[in-house]
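This report concerns only the one structure given below.
Each chain gets a letter, A, B and so on, in the order its sequence line appears, and its residues count up from 1. None of the values given here were measured: they were computed from a predicted structure.
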2 protein chains.
Amino acid sequence: MSGKTFLLAPDSFKESMTAKEVCVAMEQGLRRVYPEAHFIHVPMADGGEGTVQSLVDASGGSLHDKEVTGPLGKPVMASFGLLGDGETAAIEMASASGIHLVARDTKNPLITTTYGTGELIRECLDRGVKKILIGIGGSATNDGGAGMAEALGVRFLDEQGRDIPRGGGGLDQLHRIDLSDADPRLQDVEMVVACDVTNPLCGEHGASAVFGPQKGATPDMVQQLDRNLSHYADVIAEQLGRDVRDVPGAGAAGGLGAGLLVFARSELRKGVEIVLDYTELERKAAEADIVFTGEGGIDFQTKFGKTPYGVAQAAKRAGKKVIAVAGYIGEGIETLHDEGIDAIFGIVPGAGELSELLAAGPENVARTCENIARVLKFAD
Amino acid sequence: MSGKTFLLAPDSFKESMTAKEVCVAMEQGLRRVYPEAHFIHVPMADGGEGTVQSLVDASGGSLHDKEVTGPLGKPVMASFGLLGDGETAAIEMASASGIHLVARDTKNPLITTTYGTGELIRECLDRGVKKILIGIGGSATNDGGAGMAEALGVRFLDEQGRDIPRGGGGLDQLHRIDLSDADPRLQDVEMVVACDVTNPLCGEHGASAVFGPQKGATPDMVQQLDRNLSHYADVIAEQLGRDVRDVPGAGAAGGLGAGLLVFARSELRKGVEIVLDYTELERKAAEADIVFTGEGGIDFQTKFGKTPYGVAQAAKRAGKKVIAVAGYIGEGIETLHDEGIDAIFGIVPGAGELSELLAAGPENVARTCENIARVLKFAD
């Protein structure tokens, strides 16, 4: 009983707690019932917002700031993580090129660029890392990753040999891709791209049609952007001999998926699987008696690659029970039991203002975990 | 495992579900995990609002309407229960004489009367019951129960031998109490009064000072009402030989506690204990493997005689584990673990409008109980 080991592997609770803070609150509650237990904290993430923070926290790494070119060309302060192993960096493209950096009335995927994401990659290369984990959700861009590549020395030239304008709107002028000044480290570093969508680069399921509108594209702009990405894919195929047009995930982040595949040594993987691997969650689950996970919200979509689902899959491979807690429990959670989340509890104590509930996150996680532990203890 | 027996003994969730409906929702959730289990439903109450409904439901009795005199003299439709044993009635005084029957701007404890409560008692006597369980919370009155007694034939006369006016304001004119026409059945029927307060009839902790203001009494009125109840107690002591002034609970419901002690064969008891006894909860808990309880709200006050506390006490005497669920979890619930409530879970799925949460009560109770059962099942 006193020797129980709990593996705590939650995602962050958005706007309330980082994943590390959730771990601390979970332990606080569980320890009231199992004061002698052993607790393994693994702050988790699924490749989305908070992934860098969680990986830094999970590995004992460090977070760094870097001024880069924002999606609209103005400088923004972005961040990246150097992980505890000393050879891996973690980036969220949204930190440099995210939609949250663009005011509603200035949204324009004809001009937004991934250049800043490329600058972040370059900074990591300068730090000497051998591997970069890069989450590509939440982009403001539709440039096929051309901006990213440009920041790393790739030149995109028009018929007159001039650099084409940045942004998805300029790609129709692309005549030649010049790799002569491309950063050679791009072919050495291992890029692991967290990508949970399978959209191709072009067409009705492509980047422009599916994600363009939320980035500010009108129906006409969607057509223009799609044509441009198609031309971009043609030039890449002709001149570089890579046809990425229909690779699943090529259309992620406005085609940054395609850009990373073409210009770097990249592998696209589900975000949560990258984090599971990096944190060795399955091995840690094998050492535990029971696994706790959680996320701000849990619903039927959780099984499409969210953290609690991934944690449950890893824990099941280790033969462990999994309990999840959440600030919001939506429709269809009963389908998650079949996916390995044995039990799911809400942490909210009652009707209340969202802002107050967000502020009270830690105590509500602690209270809920304590009471779950009290039921677990029935069996001791 | 399949032979598990669950005792379901919740209070109502006010404005959301009757206690019986909570039982149904609990079973629904638990049955998803334990389809073969045996479920004992005991809709509970603590003497407050919903007690008659719960006792009717628990005993398989019936609910009846009766038009009586409201607290301000106008007719109101009140209800009472005839319980399944065929010889017990259940009344809530608030149904006939409650504060909810008085509009805010007409609150006036100088004139509000318990006459309607007496009419309800008379109706029950006419039905031939041998025992009346009566909850006396939520009153609008401060008449010492004189109105109740008047409805049952007791006369309260002034110096001229005329009936004094009804309400706490008329008691100063009381000169003589005439029992010659008092209903003789009052001395046969056993009145069990659910009373969770220990206030005396008069003085700084008395009915007028403590409860008068919430019934609309100004500071001057409080003094007048207190003097009048004191005079009332004097007349009772002199003429009937009963001094109830300092009996704990005499000051409950504006002195209705005192009136019931004087004019009927009454015993004042804690509400939840009456219900525990009537429902034989301890015996039923002994037959169960685990006990579920709950209430709309649970907080540190729960241990002052609310249903989950009472259920836990009975369950502990039977040596059983107790799990509570609640729509609202307030401060200090950790103190309840020492009182026998082993674990407490909120049912609310996230931030939301109170009205929606109240409407979704059954599914939230079911989901929460299902997930608790899933954890219980770890031990099977």
- Note on the structure: The interface call for Glu370(A) against chain B, heavy-atom contacts under 4.5 Å, is side chain
- Under a 4.5 Å heavy-atom cut-off, does chain A meet the side chain of Arg367(B), its backbone, both or neither? side chain
- Query: Looking at Asp342(A), Val375(A), Val33(A), which one has more heavy-atom pairs under 4.5 Å with chain B than the rest?
  - Reply: Asp342(A)
- Item | Proximity breakdown for Ile347(A) and chain B, heavy-atom pairs closer than 4.5 Å | neither
- Item | Check ion pair Lys284(A)-Glu280(A) (N to O, under 4.0 angstrom) | no
- Item | Gap separating the OG1 atom of Thr293(B) from the CG atom of Asp11(B), nearest 0.5 angstrom | 7.5 Å
- Query: Has Glu49(A) got more than 12 heavy atoms of other residues, nucleotides or ligands less than 6.0 Å from its CD?
  - Reply: no
- Heavy atoms of Thr279(A) and Met44(A) approach each other most closely as OG1-SD, 3.9 Å
- Between chain B and each of Gly346(A), Gly297(A), Pro349(A), count heavy-atom pairs under 4.5 Å; write down the option with the most. Pro349(A)
- Message: For the interface with chain B, which of Ala351(A), Gly330(A), Ala379(A) has the highest count of heavy-atom pairs at distances below 4.5 Å?
- Response: Ala351(A)
- With a 4.5 Å cut-off on heavy-atom pairs, point out which of Ala373(B), Gly352(B), Gly350(B) contacts chain A the most. Gly350(B)
- Has the side chain of Ser16(B) got a donor or acceptor atom that lies under 3.5 Å from a matching backbone atom of Leu358(B)? yes
- Atom group of Ile298(A) that falls short of 4.5 Å from chain B, counting heavy atoms: neither
- Message: With no hydrogens and no angle check, just 3.5 Å: does a side-chain donor-acceptor pair link Ser54(B) and Lys20(B)?
- Response: no
- Message: Does any part of the side chain of Gln53(A), heavy atoms only, come nearer than 4.5 Å to the side chain of Ser12(A), both counted from C-beta?
- Response: no
- Item | Proximal component of Leu357(A), with respect to chain B [non-hydrogen, under 4.5 Å] | side chain
- Arg104(B), CZ atom: more than 12 neighbouring heavy atoms under 6.0 Å: no
- Answer yes or no: is there a donor N or O on one side and an acceptor on the other, between the side chain of Ser95(B) and the main chain of Ser79(B), under 3.5 Å? yes
- Item | Per-residue contact mode, Ile372(B) against chain A (heavy atom under 4.5 angstrom) | both
- Item | Residues of residues 304-327 of chain A with any heavy atom under 4.5 Å of a heavy atom in chain B | Lys321(A), Ile323(A), Gly327(A)
- Is there a donor in the side chain of Asp380(A) and an acceptor in the side chain of Tyr34(A), or the other way round, less than 3.5 Å apart? yes
- Task: Starting at CZ of Arg374(B), measure out to CG of Asn371(B) and round the result to the nearest 0.5 Å.
- Result: 6.5 Å
